[in-house]
Protein chains: 2
Amino acid sequence: MKFDARLNTVEQDCADCPIRHNAVCAHCETDELGTLDAMKTYRNFAAGETVIWAGDDLTFLGSVIDGVASLSRTLSDGRRQMVGMLFPSDFVGRPGRSTTPYDVVAATDLRLCTFRKKPFEELIARTPSIERRLLSMTLDELDAAREWMTLLGRKTAREKISSVLLIFARRSAALQKDTVGDGFSFALPVTREVIADYLGLTIETVSRQISALKKEGLITLNGARQVVINDHDALKEQCGDDD
Amino acid sequence: MKFDARLNTVEQDCADCPIRHNAVCAHCETDELGTLDAMKTYRNFAAGETVIWAGDDLTFLGSVIDGVASLSRTLSDGRRQMVGMLFPSDFVGRPGRSTTPYDVVAATDLRLCTFRKKPFEELIARTPSIERRLLSMTLDELDAAREWMTLLGRKTAREKISSVLLIFARRSAALQKDTVGDGFSFALPVTREVIADYLGLTIETVSRQISALKKEGLITLNGARQVVINDHDALKEQCGDDD
DNA sequence: CGAAAGATTGATAAGCATCAAACAGAGTGG
DNA sequence: CCACTCTGTTTGATGCTTATCAATCTTTCG
């Protein structure tokens, strides 16, 4: 049965929340959690649905509970660059600003735990533990963004593809509490187009580089979306990174 | 006379500080300011000097008072990407983390107002106004980093150069409480090499694109570093941005 | 003045985008 | 069950953009 993303699911207690210990509310005390619990609304989006358009009024903020959201910007002639991917526990929206500077799109079916903006801003103003957690998460995101800038500005197409394959592999491994090594198999969660927008390439170049890695035996493909890593060390070499 | 960047200058009262109203201390009360005043140490760096190497222990944090600092990452074969530029009032370093993931280099002669890391971390833990200001500044930097990702991933060389010229122009205008328009003149604060590392280009491409804009009459150069904008609207058009 | 660093310009080549066509898989309806 | 469409993917041919290599010019500073 297909998941109907528009359907609002039953409210859940914060104490049972799967992202409880990683999200913005990670270090909340019981009473603070109670306040959040009373404020929250779950929102669901189907894959491909836009959560917020760039420039739109930002009326709510919140956390990703399940699924992946992409942040992307568009140039005047339609060229698109993905500037971030939000995974479960990541925070959506920006306190203290009235509009978002980029589109937020559900890359997969997506479930958010949201708060109306104004009350949430008032809450963090009097709750240092939330503010501190938000600062820490924002600093992490800034580091990630800067690492991505290095990829976008200086890496070749082959290095970009190798890098992104390993990133998806590690994400997949982490979810299964496994590690990436020779023979590790994982699924690409997104289309070639999304990968291209993420890497600052065209879909043709993405496809060609994946084919090249396949032809050289570093990876094997089962269909277009399932990847097996044959030579992990060699693939890591191809990333160009300094470690 | 050449500015000797290693020479420690006379301590300055926070109340007279040129970045007082924009830095991390912007919203401090008088007593909080007094605490900071007692903690601070000025540090000067000559253009080209490295403030912190990637991976080094982070022993101090602080604000840029004068000059420009660059944040950059290096790939295994030496390719470099600048991932941020810090101007006066911008914050250096990251509370809550012991090492920096990128090199911090003085792009020009540089003056910092620094605090030892530990005492400063303790201070922000009990001073919400500083933490709030730091969060706000970090969110701004994240937005800037994401905008830069769009430039790096999707803009052409010409668009990159036009964009960076306008960024420098606006920075310069803001400092003089002026606005950018036809006839506006400003200095490029950095070498072509730094611009190239910032834009993910080579110095030759930077030079060629600047020459092209000059040849087409959008800008005029006085020497290599002084730029006059002849046609602001046309230059803005060249950026490719969606507004 | 002479050396060194920074900037410009030219010739050439590599890398990636663009345009175009074919292929593969999933879902649809006769 | 098979044609049919739609979307996503692969592959090929070609050309533009930018990197690379190299030489010259300019500015700065000792």
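The basis for the numbers below is simple: all heavy atoms, side chains too, and nothing from hydrogens, waters or symmetry mates. Proteins get letters first, then strands, A, B, ... in listed order; numbering begins at 1 in each.
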query: So, does B/T138 use its side chain to make a donor-acceptor pair with the main chain of A/T138 at under 3.5 Å?
result: no
Just the rounded figure in Å: distance from [atom2] of [N] to [atom1] of [X].
{"X": "A/L188", "N": "C/dG25", "atom1": "CG", "atom2": "P", "result": "16 Å"}
{"X": "B/I161", "N": "C/dT8", "atom1": "CD1", "atom2": "P", "result": "10 Å"}
{"X": "A/E193", "N": "D/dC6", "atom1": "CD", "atom2": "P", "result": "18 Å"}
{"X": "B/R225", "N": "C/dT8", "atom1": "CZ", "atom2": "C1'", "result": "14 Å"}
{"X": "A/L199", "N": "C/dG15", "atom1": "CG", "atom2": "P", "result": "18 Å"}
{"X": "A/N222", "N": "C/dA24", "atom1": "CG", "atom2": "C1'", "result": "15 Å"}
{"X": "A/K215", "N": "D/dT9", "atom1": "NZ", "atom2": "P", "result": "18 Å"}
{"X": "B/I203", "N": "D/dA19", "atom1": "CD1", "atom2": "P", "result": "11 Å"}

message: Within the 4.0 Å heavy-atom criterion, would you say A/S207 contacts the bases, only the backbone, or no part of the nucleic acid?
response: base
- prompt: Within less than 4.0 Å of OP1 or OP2 of C/dA5, is there a side-chain N or O belonging to B/T191?
  reply: no
task: Show your reasoning for whether side-chain contact (heavy atoms from CB on, under 4.5 Å) applies to A/I210 and A/I219.
output: CA-CA 8 Å; A/I210 290 179; A/I219 60 171; 4.2 Å; yes
field: A/K160 vs A/L165, side-chain contact (heavy atoms from CB on, under 4.5 Å): CA-CA, chis, key distance, verdict
entry: CA-CA 9 Å; A/K160 288 178 176 180; A/L165 287 179; over 6 Å; no
message: Holding to side chain to side chain contact (heavy atoms under 4.5 Å, CB included), I want the full list of residues that pass it with B/D103, two or more places apart in sequence or in another chain.
response: B/W53, B/A54, B/S72, B/T74, B/V105
Taking atom types as modelled and ignoring hydrogens, do the side chains of [X] and [Y] form a donor-acceptor contact shorter than 3.5 angstrom?
{"X": "A/Y42", "Y": "A/R111", "answer": "no"}
{"X": "A/K214", "Y": "A/T220", "answer": "no"}
{"X": "B/T114", "Y": "B/R43", "answer": "yes"}

query: Does CZ in A/R154 sit with more than 12 non-hydrogen atoms of other residues, nucleotides or ligands closer than 6.0 Å?
result: yes
statement: Per-helix bend value, the helix from C/dC1-D/dG30 to C/dG30-D/dC1, C1' rotation axes over five pairs per end, 10° rounding, shows 30°
I'd like a list of close polar pairs between nucleotides 26-28 of chain D and the protein, N/O only, cut-off under 3.5 Å.
none

message: Contact between B/K117 and B/L58 at the side-chain level, heavy atoms closer than 4.5 Å - yes or no?
response: yes
Please list, pair by pair, any protein nitrogen or oxygen found under 3.5 Å from a nitrogen or oxygen in nucleotides 16-21 of chain C.
residue : atom : partner : partner atom : Å
C/dC16  : OP1  : A/A157  : N            : 2.8
C/dA17  : OP2  : A/T202  : OG1          : 3.1
C/dA17  : OP2  : A/T205  : OG1          : 2.3
C/dT18  : O4   : A/R208  : NH2          : 2.9
C/dC19  : N4   : A/E204  : OE2          : 3.2

task: Sequence neighbours left out, what passes ring-ring contact (aromatic ring centres under 6.0 Å, His included) with B/F115? Give chain and number order.
output: B/F120
For B/Y198, ring-ring contact (aromatic ring centres under 6.0 Å, His included) partners two or more places apart: B/W148
field: B/L221 side-chain proximity, nearest of D/dG8, C/dA7, C/dT8
entry: C/dT8
